[in-house]
Structures are given as structure tokens and as C-alpha cells.
Amino acid sequence: MSIVLPPETTARNRKAGSNRRKRGRSNLRTLILLLLVTVVSCYAADRLKLYRYFVIKKVTMEQTTFISPAHLDSLCSSILLGASTLSSLSAQRKIIESEPLVKSVRFLRRFPDRLTVQVREREPVALLNVGELLPIDSEGFVLPIDLAVSRLDLPILTPRSAALSLGTEAGAQPRLNRDGRLLLEALLSLKQNSPELLPLVSEFTLNEQGKVTLVTVEDGMRVVLGKWVEPDKLRYLKWMLEQVSGVEEKPALVDLSFEGQIILKKSDEI
């Protein structure tokens, strides 16, 4: 025998079953959400613990010649302590390299929390004569080095007029202009191709024709090399200095700028 339920009873049973299924799905979603929150919280805690493990706690600087150790130590400590050894530290590197005496920076990490800073300094190669002597590096930048503290025995560059240009950016370092760079290039060419001659030269200058002229240390003899200083001309210069070294009355000026000939002048002919 079968029992037939009234239509309203069947509807109520269906609705109750649907509600139970909805509550079951809701409870499952809540459980999944709680599990997800737990996993994320544990992961975040582990990451935080890991980050704290690799936080820089000590920064050491290698010795520098011209940069104040106290200034460099203060700068590096202020921007590096508390950073992570796992990060690139590119922003901190740019800050240090913005210092006028810094050419490049290298970081040596000692995990988990130690960092050594290697600074490559801009080194002076000449003294620019603009009424006062200013140290210049191989790229033509003026270096803020106190000559009263750091005594530099370097050749002098004497241009015909003002030899510095200022960059358009704020805080840009003064740098040699075209005339200044011409003299600097002559010095660097001599240093690279005939380094043994560099101690014999006290000054590089430009004559009225814009030709590079050097002045010897011993006798103050002026030697005109020309508008460009080439390796062949430097060998010619070495030969000429050897020839006049034994001469009792040395010429005041020697012009090597003309191909195939040497012009000698006494002091009363200049």
C-alpha cells in the first residue's frame, strides 16, 4: 500500500533538503577559507622570520685614500643598515655613487647579515690651472680634494681660457670643456704610450694656434706637439729629449708639430 502525501508536505520536504545542502556548502566554503587564512598566515610569519634573519646588521667599508672614512661610514650605515642582504641594493648603490669622489661601488655580502662596501675612487691625474689648482680625474671631472691635506705631485693643465663647463642637472660636477679635454687627452696619451716620459713633464698647455705644448720639468723647455698627440709623435719626442739632454745650452722652444722637421728657438727668439 502506498501513501500519498499532500502537495504542501512534499514542497516542505524539498525546501528543507535544499536548505540542508546550502548550509553544507556554506560550511565547506568557511572551512576552506579558514584553512587558506591559516596557510597564508603561517607563510607570512615564516617570510617575516626569514626577512629578519637576512637583515643587514653590520656594514664595513674598505679603506679609501681621498674619501673621508668617517663620512663614508656614516653614509653607508644610514642607508644600508636594516636592508635585506637578499635585495639588489640598487637604490643604495646609486646614492653612494652620487658622491663626487666615488666612481663605482661593489657590495660583498656575507650571509646572513653582514655587508662589505668596496668603493672605487675617482683618482686625480692632473691639476687644472684656472688661477687656482684644481684636481682633475681621467674623465675630466673636478675633484673636491683639499690640496693642503693631500699633496699631489701631478702635471699641470693650463688652458688658454676658462676650461670648465657645468652640467644642467642639479649638483652636477664641474667638468673640463673642449680645450681642457684636449690637454687631458694629451696627458693620458703620454701616460699610456710613453709613461717613462711623464715624470719629465711639468705642464701641458695650448699655444696661440691651439697646439698642445708641454713644458719640461728640468729646464722649462717648451715642446710643441701639435693638435693631436699620437704614439709616433711621442716616440719622436723621446728621441728629441735624448738628443738635447747632453747639450749645454738647451733651446727654449722645440716645435715637433711639422712633419719631418724640428724647429728650435732660443729664448730671445720666442
Side-chain angles (χ1 to χ4, degrees), residues 61-76 93-106 117-207 210 212-218 220 222-223 225 228-231 234 237-238:
M61 269 66 59
E62 293 199 345
Q63 186 174 359
T64 55
T65 302
F66 301 105
I67 303 174
S68 165
H71 171 71
L72 186 61
D73 180 74
S74 175
L75 173 65
C76 292
R93 186 192 309 274
K94 288 181 180 179
I95 293 174
I96 301 172
E97 289 180 343
S98 67
E99 290 288 303
L101 284 172
V102 174
K103 190 167 188 177
S104 62
V105 176
R106 183 185 181 194
V117 180
Q118 287 184 335
V119 171
R120 184 182 174 195
E121 294 179 282
R122 292 190 176 277
E123 298 182 359
V125 297
L127 299 175
L128 178 66
N129 181 11
V130 287
E132 61 176 322
L133 295 178
L134 303 176
I136 300 291
D137 78 344
S138 61
E139 295 179 357
F141 286 106
V142 176
L143 305 180
I145 296 175
D146 188 352
L147 296 182
V149 177
S150 302
R151 298 187 178 277
L152 303 176
D153 185 15
L154 296 170
I156 295 174
L157 307 182
T158 303
R160 291 176 295 182
S161 58
L164 293 176
S165 59
L166 298 175
T168 56
E169 298 180 4
Q173 287 178 257
R175 193 175 189 181
L176 292 177
N177 64 11
R178 182 180 178 278
D179 271 10
R181 288 198 302 271
L182 190 62
L183 294 175
L184 178 61
E185 288 167 6
L187 182 152
L188 296 177
S189 178
L190 182 64
K191 184 177 181 179
Q192 179 180 355
N193 297 290
S194 300
E196 71 280 3
L197 296 181
L198 194 58
L200 306 179
V201 180
S202 65
E203 184 179 3
F204 290 79
T205 186
L206 295 175
N207 66 9
V212 175
T213 303
L214 58 83
V215 181
T216 61
V217 172
E218 186 176 349
R222 304 176 70 85
V223 182
L225 295 179
W228 296 276
V229 180
E230 302 169 351
L234 292 178
L237 169 64
K238 183 178 180 180

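One is the number of the first residue; the rest follow in order along the sequence.
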For the student: nearest non-hydrogen atoms of [X] and [Y], plus distance:
X: Leu72; Y: Val119; answer: CD2-CG2, 4.0 Å
X: Ser138; Y: Val125; answer: N-CG2, 3.9 Å
X: Gly180; Y: Leu157; answer: O-CD1, 4.5 Å
X: Leu152; Y: Leu127; answer: O-CD1, 4.0 Å
X: Arg175; Y: Glu139; answer: NE-O, 2.8 Å
X: Leu234; Y: Ser194; answer: CB-OG, 3.7 Å

What I'd like to find out is whether the side chain of [X] reaches to under 4.5 Å of the side chain of [Y], using heavy atoms alone.
X: Pro100; Y: Phe141; answer: no
X: Pro124; Y: Phe66; answer: yes
X: Pro199; Y: Val217; answer: no

- request: May I have the step-by-step check of side chain to side chain contact (heavy atoms under 4.5 Å, CB included) for Val142 and Ile136, ending in yes or no?
  value: CA-CA 5 Å; Val142 176; Ile136 300 291; 3.7 Å; yes

Roughly how far apart are [X] [atom1] and [Y] [atom2], rounded to 0.5 Å?
X: Glu99; Y: Arg122; atom1: CD; atom2: CZ; answer: 12.0 Å
X: Asp146; Y: Ser68; atom1: CG; atom2: OG; answer: 12.0 Å
X: Leu101; Y: Thr65; atom1: CG; atom2: OG1; answer: 10.5 Å
X: Asn193; Y: Leu188; atom1: CG; atom2: CG; answer: 10.5 Å

Are the side chain of [X] and the backbone of [Y] linked by a donor-acceptor contact shorter than 3.5 Å?
X: Thr158; Y: Thr205; answer: no
X: Ser74; Y: His71; answer: no
X: Ser202; Y: Val215; answer: yes
X: Glu121; Y: Ile67; answer: yes
X: Arg222; Y: Thr213; answer: no
X: Asp73; Y: Pro69; answer: no

Is it the case that over 12 heavy atoms from other parts of the model lie below 6.0 angstrom from the [atom1] atom of [X]?
X: Glu123; atom1: CD; value: no
X: Arg160; atom1: CZ; value: yes
X: Glu218; atom1: CD; value: no

- request: Would you please test Val201 and Val223 for side chain to side chain contact (heavy atoms under 4.5 Å, CB included) and show each step?
  value: CA-CA 10 Å; Val201 180; Val223 182; over 6 Å; no

Derivation of the side chain to side chain contact (heavy atoms under 4.5 Å, CB included) call for Val229 and Leu237: CA-CA 10 Å; Val229 180; Leu237 169 64; over 6 Å; no

Test side chain to side chain contact (heavy atoms under 4.5 Å, CB included) applied to Leu183 and Leu176, Leu214, Leu206, Ile156, the passing residue: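 Considering Leu176, Leu214, Leu206, Ile156, a side chain to side chain contact (heavy atoms under 4.5 Å, CB included) with Leu183 is found only for Leu206.
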
message: I'd like to know if Glu196 and Lys238 make a salt bridge, using a cut-off of under 4.0 Å between side-chain N and carboxylate O.
response: yes

